[in-house]
Visitor: 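Can you keep this structure in mind? I'll have questions shortly.
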Protein chains: 2
Amino acid sequence: MNLVKREQTAIDSLEARCHQMGMRITGQRKVIAQTLVDAEDHPDAEQLHERVREVDHTISIATVYRTLQFLEKLQLIAKRDFGDGRARFEISMTPRDHHHHMIDIESGEVVEFYNQELEDLKIRIADELGYDLVDHHLELFGTRLRGETLGEQEP
Amino acid sequence: MNLVKREQTAIDSLEARCHQMGMRITGQRKVIAQTLVDAEDHPDAEQLHERVREVDHTISIATVYRTLQFLEKLQLIAKRDFGDGRARFEISMTPRDHHHHMIDIESGEVVEFYNQELEDLKIRIADELGYDLVDHHLELFGTRLRGETLGEQEP
DNA sequence: TTACATGCAAAATATTTGCGTAGGA
DNA sequence: TCCTACGCAAATATTTTGCATGTAA
């Protein structure tokens, strides 16, 4: 029941923020937010549109884009760039969970990670440059190690 | 004379790589590469096109895009994303000089920085995840600190 | 009721590509 | 000479927007 509880919390959080900002919580916005909560990957606008239409066939791509902008402004989701032409989106309702991405340049696979040392270092760097850190993006691009380090073997 | 020397080295490096790859070094490519060497900012394709046309009025936007792809493949330039819709480009002929960007979200100003600790940490993180780090992008977004830390004051 | 949100379609942006010609090696 | 690269214009891809209508509060 953990998953259900987390999802409801996320939607509650969406509703709370909407009210806070004096904005309406519509059926479309709920479906789009819920779809992002359920997503275990990093869909782009079009992929999201497809998924959302499985629930509500009438939702347009314009609404998807408008809702994504809206959710981003509310800081409920984050926009990412993995180097291909389109923006990708993911839920970021829990501010503690600021992870980053390791992208396999051969397979396109994306692994998320979190590293406290990195978080601390970035705040320190920004501070040394005379800035207050508001957001940051980090993407690592690489290829899988073979053998030695992990003892893994390709078939 | 330092600047002149560095610029020539960069263009030499371009010519060497072109030959290595069996590709032609054309007038357009030289102008585009030189313009990127001279750029002290991070121009997008259209800004680059404007600058390049001041030197050779006939260079088309298609050639700018094709040359940017080409130079990126040769790892002579790097593509960046600062969160607005377009890709930005910068010279990266010297592999040691792997810097990152601190972006002022109020003014749009971009400050470059390099931090050895960060470089080491990223390699370590990738390794721990089972990857060999090939490339990485880091952008910090923030607002200027007031007072305390730097003793700077707004007017 | 009444502003804000939506769907649709067109527009705006950003980038890529087909094709016939030009030009570097 | 020969093949790559070019300019042009059209195509594609992604995202935004104007407008009339719908709907949450």
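The chains referred to below are lettered A, B, ... by the order of the sequence lines, with proteins before strands, and numbering in each begins at 1. Given the structure is predicted, the values throughout are model-derived calculations rather than measurements.
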Visitor: B/Glu46 CD to C/dT15 P: how many Å, rounded?
Guide: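 Going from B/Glu46 (CD) to C/dT15 (P), I get 9 Å.
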Visitor: Does a side-chain heavy-atom distance below 4.5 Å link B/Leu36 with B/Leu76?
Guide: no
Visitor: Is A/Glu117 salt-bridged to B/Arg124, cutoff N-O under 4.0 Å?
Guide: yes
Visitor: Indicate for each nucleotide in nucleotides 17-25 of chain C, in 5' to 3' sequence, whether protein heavy atoms under 4.0 Å reach the base (B), only the sugar-phosphate (S), or nothing (-).
Guide: BB----BBS
Visitor: Just say parallel, tilted or perpendicular for the rings of A/His101 and A/His42, cut-offs at 30° and 60°.
Guide: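 The arrangement is perpendicular - the two ring planes meet at more than 60°.
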Visitor: Salt bridge or not between B/Asp81 and B/Lys79? Use side-chain N to carboxylate O under 4.0 Å.
Guide: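 B/Lys79 and B/Asp81: not salt-bridged.
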Visitor: To the nearest angstrom, how far is A/His57 atom NE2 from C/dG7 atom P?
Guide: 11 Å
Visitor: What pair of heavy atoms forms the shortest contact from A/Arg80 to A/Ala78, and how long is it?
Guide: NH2-CB, 3.6 Å
Visitor: Hey, are A/Asp84 and A/Arg86 close enough for a salt bridge, meaning a charged N less than 4.0 Å from a carboxylate O?
Guide: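 Looking at A/Asp84 and A/Arg86, the cut-off is met.
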Visitor: Does NZ or CZ of B/Arg29 fall inside the cone over B/Phe70's six-membered ring, less than 6.0 Å from its centre and within 45° of the axis?
Guide: yes
Visitor: Over how many whole Å does the gap from A/Ile32 atom CD1 to C/dG7 atom C1' extend?
Guide: 12 Å
Visitor: Reading DNA chain D from 5' to 3', where do the contacts with chain B start and stop? Cut-off is 4.0 Å to heavy atoms.
Guide: D/dC3 to D/dA9
Visitor: When you check the gap from the basic side-chain N to the acidic O, do A/Lys122 and A/Asp135 get nearer than 4.0 Å?
Guide: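 Between A/Asp135 and A/Lys122 there is no salt bridge, as every charged N stays at least 4.0 Å from the carboxylate O atoms.
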Visitor: Are A/Leu48 and A/Thr35 close enough, and set up right, to give a side-chain contact (heavy atoms from CB on, under 4.5 Å), and what steps lead you there?
Guide: CA-CA 7 Å; A/Leu48 199 57; A/Thr35 303; 3.8 Å; yes
Visitor: Quick check on the 6.0 Å ring-centre criterion: do A/Phe141 and B/His137 meet it?
Guide: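 Aromatic pair counts; centres sit under 6.0 Å.
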Visitor: Within residues 79-90 of chain B, find the residues that approach DNA chain D with a heavy atom at under 4.0 Å, and present them sorted by residue number.
Guide: none
Visitor: Examine C/dG7: is either OP1 or OP2 under 4.0 Å from a nitrogen or oxygen in the side chain of A/Thr63? Give yes or no.
Guide: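 So the side-chain polar atoms of A/Thr63 do come within 4.0 Å of the phosphate oxygens OP1 or OP2 of C/dG7, strictly under.
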